[in-house]
Amino acid sequence: MRTSKRWQLATGLLILAGLGAGSSIAANTCEAPVAVQVLGSGGPEAQQERTSAGYLLWLEGKARVLVDLGGGSFARYGASGARFADLELIALTHLHPDHATDLPALLKSGYFSQRSRALPIAGPTGGGDYPDLEGYLQGLFAAQTGAFGYLSGYLDGSDGLVRLQRRTLEADSREPIPVLETDDYQVSAIGVSHGPVPALAYRIDVGEQRIVFSGDLNGDDPWFVDFARDADLLIMNHAVPEQAGQVAARLHALPSEIAEIAKAAEVKHLVLSHLMRRSERALDDSLARIRAVYQGALSVASDLDCFGLEPRGR
Ligand SMILES: [Zn+2]
């Protein structure tokens, strides 16, 4: 069991439980050596305070990994101060608009950056109504036929654009898939159940620190518990209340399921994100249900919150 202290940096609604000695709350910055910033804490609804899903991994003051970029989160990306030239990976959990639709906006913005090296991008295999990552990118950027075919240089590195290094990940995988390894961190992915939608969760290990992004999942995957085990930070979707109807519950984990996952995985800090109006209306009830089972730190994300972790053991 890892025991060193964590930094808890968050603004907005922050609910803490089980904090160890030495934890502290500071202003809304991403100045911790290792931090996750929430770009969008909402789901697919247009909301005043929340944009759709998006998260940044900050290391030593640089935003290195982007997980998802749903509607509106591009503006939060701008507000975060992240630089396109610093990005080392874009990791898409699945190809719903609230997770992937601002990608063309980000890439167009990147045209005006100083970046010259290729940009890795990961996403799921396809199935049913859903293209795989390559199909999504071709639909957007293929010359002549793509919606933004004039940006086809992102597919082949022409026209002064940086090439997207595509990595299509098997959404049916029940074993972790290595995605990216650098001197500072490793990224892996695993398939999760989100109804009929091919979907992935991602994990980033920085030294001995572990950060897990659930993406959208319905809580039916026992292998996800192992994937998230001992996470210092688990960013978990919270899209439905306990009384969710059958269709919603087939897509999203109930609060009781979130609690069981966080407890079984011995997660140190659970952050609820991807909130929708229906989950916000029942938030008190949901938090009580989670508290009754899970004893670790618990936060509810707001857009642009930063959750800092102190690196150790490198
Ligand atoms: Zn979603």
Side-chain angles (χ1 to χ4, degrees), residues 36-56 65-77 90-106 121-133 136 169 171 189-203 212-221 224 227-228 234-242 244-255 257-258 261 270-283 286 300-305:
V36 171
Q37 184 164 31
V38 179
L39 298 180
S41 60
E45 296 165 301
Q47 300 188 67
Q48 187 173 10
E49 303 288 339
R50 300 184 189 277
T51 66
S52 296
Y55 305 93
L56 284 173
V65 178
L66 172 64
V67 178
D68 282 344
L69 199 64
S73 60
F74 170 68
R76 302 291 196 240
Y77 179 90
I90 298 172
L92 300 177
T93 61
H94 62 292
L95 299 180
H96 271 162
D98 57 317
H99 295 259
T101 201
D102 275 5
L103 179 67
L106 174 72
I121 182 169
T125 46
D129 289 335
Y130 297 87
D132 63 2
L133 173 69
Y136 179 57
L169 307 173
I190 201 165
V192 290
S193 298
H194 182 34
V197 191
L200 302 163
Y202 286 95
R203 182 171 76 200
V212 175
F213 302 88
S214 73
D216 288 359
L217 49 71
N218 65 12
D220 289 347
D221 307 326
F224 179 72
F227 187 70
L234 170 60
I235 314 280
M236 188 89 191
N237 81 337
H238 175 39
V240 297
E242 194 69 22
Q246 269 191 343
V247 172
R250 195 165 149 252
L251 292 169
H252 295 290
L254 302 175
E257 293 171 320
I258 293 173
I261 289 169
L270 170 65
V271 177
L272 303 177
S273 191
H274 198 290
L275 276 81
M276 297 177 64
R277 291 197 177 90
R278 60 195 182 194
S279 47
E280 289 204 280
R281 277 194 296 270
L283 192 55
S286 300
V300 178
S302 296
D303 285 18
L304 292 175
D305 275 355

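Start at 1 and go down the list; that is how both ligands and their atoms are numbered.
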Given a threshold of 2.8 Å, state how many protein N/O/S atoms are nearer than that to the Zn ion (ligand 1).
4

Asp303 side chain to Ser41 side chain, donor-acceptor N/O pair below 3.5 angstrom
yes

Set of residues satisfying salt bridge (charged side-chain N to carboxylate O under 4.0 Å, His left out) with respect to Glu280, sequence neighbours excluded:
Arg50

For the pair His94 and His194, name the ring-plane relationship: parallel under 30°, tilted 30 to 60°, perpendicular over 60°.
perpendicular

Worked verdict on Tyr136 versus Leu103 for side chain to side chain contact (heavy atoms under 4.5 Å, CB included):
CA-CA 11 Å; Tyr136 179 57; Leu103 179 67; 4.0 Å; yes

Could you go through Asp98 and His274, starting from their C-alpha distance and side-chain angles, then the distance that decides it, and tell me whether this counts as side chain to side chain contact (heavy atoms under 4.5 Å, CB included)?
CA-CA 9 Å; Asp98 57 317; His274 198 290; 3.0 Å; yes

Kindly determine whether Ser52 and Ser73 satisfy side chain to side chain contact (heavy atoms under 4.5 Å, CB included), including the steps that lead there.
CA-CA 6 Å; Ser52 296; Ser73 60; 5.7 Å; no

